[in-house]
Amino acid sequence: MELLEKRIREDGTFLGNDILKVDNFLNHMIDVELIDEMGKEWARLFKGEKINKILTIEASGIGIACIAARHFGNVPVLFAKKSKSSNIGSDFYTAKAYSFTHGNVNDIVVSKKYLGKDDSVLIIDDFLANGEALLALTSICNAAGARVAGVGIAIEKHYQGGGDKIRAMGIRVESLAKIKSMSDGDVEFM
Ligand code: 5GP
């Protein structure tokens with residue numbers, strides 16, 4: 001998506017260790033208009049797919065998923081929590097997700113109340129690197145018997161291999177910006 005690639009070129013900062021900082025428009029301060037355009041694009045790409053719920057992971061995915069949901073008929077947004085807060089109850093699906101940016105493992109949880117066999121889910125996230133977050137989210141969908149209708153990603157760092165791993169599982173992944181390579185001062189898109 002031209003608009004997102006342009007914004008990454010203009011405002012993204014390469015932090016080293018394969019990390020791209022986009023906290024001035026995506027995951028700290030949010031450019032709502034840009035996310036709205038991204039939501040529109042995912043809706044165009046997934047037109048015709050039955051989607052009754054959007055699933056994401058806290059924290060950065062939430063804002064993006066909520067704005068995107070407006071383009072999918074205001075379907076509910078469900079986010080996996082990274083810790084078992086007392087209000088989630090005792091009945092939940094859980095999976096382990098290694099965090100690429102924090103270098104630790106999170107036990108992510110989703111209440112069984114909100115995900116089940118009648119759901120056809122679009123998973124949305126800000127970044128796709130090694131695919132750990134997506135593997136955890138898809139395993140939660142599998143445990144719930146929910147169908148994964150597809151995955152919408154803002155920025156895929158393609159060279160890290162996570163996207164191909166998920167696609168090889170037969171899951172459709174639509175990334176709006178696909179990075180081929182990245183170094184200080186230079187981002188190359190596919
Ligand atoms: P994966 O699980 O695919 O290895 O990494 C995806 C998750 O790690 C995303 O949810 C995102 O929060 C975080 N992440 C991965 N790479 C980057 C990056 O380059 N920049 C930022 N800001 N977050 C990243």
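In what follows, residues are counted from 1 in the order of the sequence shown. First listed ligand is number 1; within each ligand, the first listed atom is number 1.
Dense packing is recorded around OH of Tyr159, with more than 12 heavy atoms of other residues, nucleotides or ligands lying under 6.0 Å away.
A heavy-atom cutoff of 4.0 Å around ligand 1 is satisfied by the protein residues Asp18, Ile19, Leu20, Asn27, Phe100, Thr101, Asp125, Asp126, Phe127, Leu128, Ala129, Asn130, Gly131, Glu132, Ala133, Lys157.
Checked by atom type and distance alone, the side chain of Asn24 pairs as donor or acceptor with a backbone atom of Asp11 at under 3.5 Å.
For Met169, the side chain to side chain contact (heavy atoms under 4.5 Å, CB included) test picks out Leu135, Thr138, Ile166, Ile171, with sequence neighbours left out. Under the rule for a side chain to side chain contact (heavy atoms under 4.5 Å, CB included), the partners of Asp31 that lie at least two apart in sequence or sit in another chain are Arg7, Phe25, Glu33, Leu34.
One finds the CD1 atom of Ile67 at 12.5 Å from the NZ atom of Lys40 (value rounded to the nearest 0.5 Å).
Hydrophobic cluster of Val105: the remaining members, joined at side-chain heavy-atom separations below 4.5 Å, are Tyr98, listed by chain and number.
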